[in-house]
Structure formats: C-alpha cells, structure tokens
Amino acid sequence: IFLTIPLRIPQWLGIERPRVGDVVIAISPTDPTQTVCKRVLGLPGDALRAEAPPGWSSEHARDVVVPHGHVWLQGDNARNSTD
C-alpha cells in the first residue's frame with residue numbers, strides 16, 4: 001500500500017518536518033487501530049512513479065505528485081507487505 005499522510009506537526013513541540021529517507025510510524029489507512037512503520041519517499045510537490053502492487057500488471061503503475069501538506073510513505077519491503 002502506498003500512503004500519503006497529512007503533515008500536522010506541531011512546531012511548538014520542536015518536532016522537525018519529515019525528510020526523504022526518514023522512518024516514521026503512521027496510523028494504518030486500512031485499520032485506524034493499528035500503526036505502520038514506513039519510510040518517507042516523497043515530500044509535497046515531489047513527482048514519483050507508483051509501481052503496481054505485487055500481482056498486478058505493470059499498466060497499473062502511475063505517476064503521482066505528492067499533494068501539498070502530505071508526504072509519500074512506502075515500506076522497505078513493499079513487494080512482500082500487506083499494510
């Protein structure tokens with residue numbers, strides 16, 4: 001699963017904005033009672049190529065632009081992941 005998450009980072013807590021390569025914990029988009037560990041692959045405005053999920057034909061791959069206020073997350077083991 002490819003995720004974009006909204007950036008609601010309270011600057012007054014001294015938390016930095018995520019950078020490409022950072023590993024983050026996020027709420028699962030498929031089960032909000034669970035968390036997922038993902039790597040930041042894109043920042044707002046970045047253009048990325050979203051490859052087709054395992055078992056899907058390559059025609060399902062698409063080009064995307066990360067929306068303003070979001071980051072693009074993907075697991076390091078995306079080919080063998082279900083979250």
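Along the sequence shown, residues are numbered consecutively beginning with 1.
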- Distance-minimising heavy-atom pair for C37 and V23: SG-CG1, 3.4 Å
- Heavy-atom closest pair (V71 atom, P18 atom, distance to 0.1 Å) is CG1-CG, 4.2 Å
- Task: Can you tell me which residue pairs pass the ring-ring contact (aromatic ring centres under 6.0 Å, His included) test with a partner in residues 20-61, sequence neighbours excluded?
- Result: W56-H60
- Task: Test W72 against every option in V66, V65, D46 by the side-chain contact (heavy atoms from CB on, under 4.5 Å) rule and name the one that passes.
- Result: V66
- Task: Output yes when a side-chain donor or acceptor of R39 lies under 3.5 Å from a complementary backbone atom of G21, and no otherwise.
- Result: yes
- Query: Does R19 CZ have over 12 foreign heavy atoms under 6.0 Å away?
  - Reply: no
- Note on the structure: Applying side-chain hydrogen bond (donor to acceptor under 3.5 Å, both in side chains) to S58 and not counting sequence neighbours gives none
- L41 versus V20: any side-chain heavy-atom pair under 4.5 Å? no
- Note on the structure: Here the gap from H68 atom NE2 to L43 atom CG, rounded to the nearest 0.5 Å, amounts to 12.5 Å
- Atom pair NZ/CD1 of K38 and I25 - distance to nearest 0.5 Å: 10.0 Å
